[in-house]
Amino acid sequence: MRKTDTQTIDPVCGMAVDSESARSSSHQGERFFFCSESCQQKFDDDPSAVLSKAARRESKPHEVAHSEHSCCSHEEKESDAKKAASDPTAIYTCPMHTEIEQVGPGDCPICGMDLEPKFVDLSDEGDEQQYRDMKRRFWVGVVLSMPLLVLAMGPMVGLNLAEAMSDRVFGWTQLALATPVVFWCGWPLLVRGVRSFRTMNLNMFSLIAVGTLAAFLFSLFVVLFPAMIPEAFFENGKPPLYFEAAAVIITLVLLGQVLELRARQQTGGAIRELMQLAPETAHRITDDGEEEVALGDVHQGDRLRVRPGEKVPVDGRVVSGSSSVDESMLTGEPIPVKKGEGDEITGGTLNQTGALVMEAVGVGGDTVLHRIVQMVAEAQRSRAPIQKLVDVVSRYFVPAVIVCSIVAFIGWAMFGPEPRLAHAFVAAVAVLIIACPCALGLATPMSVMVGVGRGAKEGVLIKNAEVLEVMENVDTVVVDKTGTLTQGRPELTEIKPIGDWSEDDVLMLAAAVEAQSEHPLAQAVVRRAKNDELPVADATDFSSITGGGVSANVDRHEVLIGKADLLDNESITGVDVGREQATQRQSEGATVIFVAVDGKLAAIMAITDPIKESTPAALKTLHELGLKVVMLTGDAQPTAKAVAEKLGIDEFHAGVSPQDKHNFVKRLKEEGKVVAMAGDGINDAPALAESNVGIAMGTGTGVAIESAGITLVGGDLRGVAAANNLSRKTMSNIRQNLFFAFIYNALGVPVAAGLLYPFSGVLLSPMLAAAAMSFSSVSVIANALRLRAAKLV
């Protein structure tokens, strides 16, 4: 095993992992490290086989080359290891059973569906290849099944070709046409069916395999040994053939598979659109000049040139130059943002007017764009709690259908009209085919995939399907003020010195301390100092009091900045004087912070954060949806009251600490409320985690985003309304799909078993059963795809 510092290679999948934090197992005195529990389990089951495979993998030149680059970052090696279909070490998972993971493509051992790459890669053509292969099998099936239908069903429309040939030639001709359809076109379906019986995870392919093989093998026996067929099977004086039924069933099931794969490609459109926002190449500046390199070859710390009209290749920081950058992919706002030296820029945004030189900070899997793509992909594969109902039903459904098929056969064989066995056989096969639960299996995941993709296009990123389901029942939305209702880019509008301090002296000291903080109010102080061209000294012994304030030593002065209550707790003198002067400014909606130097109040600062233009309309929409809106803010009561009254917020609480926010959300839940909490700061993270649904503004901190179930890329409160609407429409769509699937099977099985025969004399043929089964899947897919056009706000 090659190692670099604390990094090593997972012997199962070849992924680079950190040995200090990764899972590990021992074998023959050596310790091995793993990226996931599933890889560790595979190793523990058979260490020798895994190590043997790893050795063969390392012997391949491209794999050796990959290992030789162990000096690369963990993210780069992880990205290389996570290639999709073109990489034999890629991890695949089932879209319906996400606990199933394996190295390389294959079928799910539970439901039989094709596994798909766990990690998104734009270069992956696996889905397209699979779609083309299945479509090719379908069209071959169509070409060969049509003559079969003409031969078998022609007499019903006056075209009796059988009269022109002997029974033997007639049978062998059908056999020649049906065999490639069943055993080449339908081979993937039969393999999954046989595997389902071997593992006893019965699924839709179990029924397809039993039904088609029964029809084909019976017909084969008729062709080979016609004299051995009992007369009870005879129709019109000779034994029947069901080759056309087997072939048409396979062809129709393949049609359903083609439509499903096509639908999955369409639902992945949101991911592909997001990934294509990043350019394919970047212009790297080296000591020898400038070179064009592939995006995957960009490393952290590289200096890159971004020309006017080009997309920013990766996340980074402007080193030199100035320009306007279109960040609408993140914010949804069409107004370009000015960028200059020291400003952060995001990969995928569009540079407009000027040339920039940037330093790469986030590359590969560490860019904002890549994290967004991966979040959407993982959410599309996740399972809603309602899927548990489907799983329970499916577990008993297939065995029940097989029993129904057997009962139908026995019933027709004992009590049916002549030819009894022929009728019994047709009814049994029809029951197996029409009850195929593919529509039931597609009902939930198709809606989730389309719904999550639709949300991504609106900048609403859903972490998983459970969040989507819970969001539907939310009745109370709790919001933070700064960065959620307001723009989150406050400006320092007034400095009121106390005592002998001047505005500039106080601002220099405050900016030195606030430069160490990430809070928007702190950045407002720093920006004001830069705009006033004041020097910002280095602060030492910096300390952050979450939700309260900050302190540090600057030029031999002890500086404390925060709320009035914090200064009171620290026994700062002169706070009461500052309170009196702060009241008027707070009543006008400004936030007031207090600055103390060496134990005495030195100044108060008024900071104004404009309300986002979209906030009033967003709040109106939330109220129209029947949601109660509560504002929790750390600001003073007068400031909070001014904002709440201006926006028509139902309830507000001021002077709230992070712990208070957490406790408030917890209390609402105890009262039976279903709470969504929207925030963007570190101080919001506890409440986001406690709420039923945490909603983070994409413009906020990483801690807030990690604590949330939904991320609004643009940081726009309209996204909360969009998320609620999306949840309601998606869950409604799922229920419609489940209704179609359940009702269809509830009605289809009795009809196929012959319920209508006593009244109409019609017995459903296996071919019509297959057509009906395919139609049920198509109806579910079509209904799910309607979500793509759903209006969210």
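Computed from a predicted model, the values in this text were never measured in an experiment.
From C404, atom SG reaches atom CZ of F409 across 15.5 Å, with rounding to the nearest 0.5 Å. Interatomic distance, CE of M471 versus OG1 of T730, reported as 11.5 Å (0.5 Å rounding). For the atom pair NZ (K791) and CG (N725), the distance works out to 10.0 Å, reported to the nearest 0.5 Å. Once rounded to the nearest 0.5 Å, the distance linking CG of L792 with CG of N724 reads 10.5 Å. Here NE2 of H423 is found 11.5 Å from CZ of R420. Values are rounded to the nearest 0.5 Å. One finds the CD atom of E244 at 6.0 Å from the CD atom of Q174 (value rounded to the nearest 0.5 Å).
Residues that satisfy the side-chain contact (heavy atoms from CB on, under 4.5 Å) test with F739, not counting sequence neighbours, are I743. For T251, the side chain to side chain donor-acceptor pair (under 3.5 Å) partners two or more places apart in sequence, or in a different chain, are S145. Partners of V169 by side-chain contact (heavy atoms from CB on, under 4.5 Å), not counting sequence neighbours, listed by chain and number: M165, S166, T173. Residues passing the salt bridge (Lys or Arg N to Asp or Glu O under 4.0 Å) test with R728: none are found, sequence neighbours excluded. Residues satisfying the side chain to side chain donor-acceptor pair (under 3.5 Å) criterion with K135, sequence neighbours excluded, are absent altogether. Evaluation of the side-chain contact (heavy atoms from CB on, under 4.5 Å) rule for A784 yields M446, S447, V450, N733, N737 as partners, not counting sequence neighbours. In this structure F216 satisfies the ring-ring contact (aromatic ring centres under 6.0 Å, His included) test together with F183, F243, sequence neighbours excluded. With sequence neighbours left out, the side chain to side chain donor-acceptor pair (under 3.5 Å) criterion links E458 to R454. Partners of D475 under the salt bridge (Lys or Arg N to Asp or Glu O under 4.0 Å) rule, at least two apart in sequence or in another chain, do not exist in this structure. Qualifying side chain to side chain donor-acceptor pair (under 3.5 Å) partners for T179, counting only residues two or more places apart in sequence or in other chains: none. Contacts of V407 classified as side-chain contact (heavy atoms from CB on, under 4.5 Å), with partners at least two apart in sequence or in another chain: V403. Residues meeting the salt bridge (Lys or Arg N to Asp or Glu O under 4.0 Å) test with R786, sequence neighbours left out: none.
Put simply, the side chain of F221 does not reach to within 4.5 Å of the side chain of L217, judged on heavy atoms. V182 has its side chain within reach of L190: a pair of non-hydrogen atoms, C-beta onward, lies under 4.5 Å apart. Within the 4.5 Å cutoff, the side chain of T212 has no heavy atoms near those of the L189 side chain. Within the 4.5 Å cutoff, side-chain heavy atoms of W412 are placed close to those of P417.
Residues V460 and A723 share a closest heavy-atom pair of CG1-CB, 3.8 Å. Nearest heavy-atom pair across L148 and A247 is CD1-CB, 3.5 Å. The nearest pair of heavy atoms linking P188 to C185 is CD-O, 3.6 Å. Closest heavy-atom contact between A427 and A753: CB-O, 4.1 Å. For P180 against A176, the heavy-atom pair with the smallest separation is CD-O, 3.1 Å.
Within a 6.0 Å sphere centred on CH2 of W184, heavy atoms belonging to other residues, nucleotides or ligands number more than 12. Counting non-hydrogen atoms of neighbouring residues, nucleotides and ligands closer than 6.0 angstrom, the NZ atom of K669 exceeds 12 such neighbours.
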- Task: Applying side chain to side chain contact (heavy atoms under 4.5 Å, CB included), run through W172 and L224 and close with a yes or a no.
- Result: CA-CA 9 Å; W172 280 96; L224 297 177; 3.9 Å; yes

- Task: Assess whether side chain to side chain contact (heavy atoms under 4.5 Å, CB included) is satisfied between L755 and V749, documenting all intermediate values.
- Result: CA-CA 9 Å; L755 181 66; V749 171; over 6 Å; no

- Item | Full working for side chain to side chain contact (heavy atoms under 4.5 Å, CB included) between V474 and V693 | CA-CA 8 Å; V474 165; V693 180; 4.2 Å; yes

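Side-chain N or O atoms of N692 include none that pairs as donor or acceptor with a backbone N or O of A676 at under 3.5 Å.
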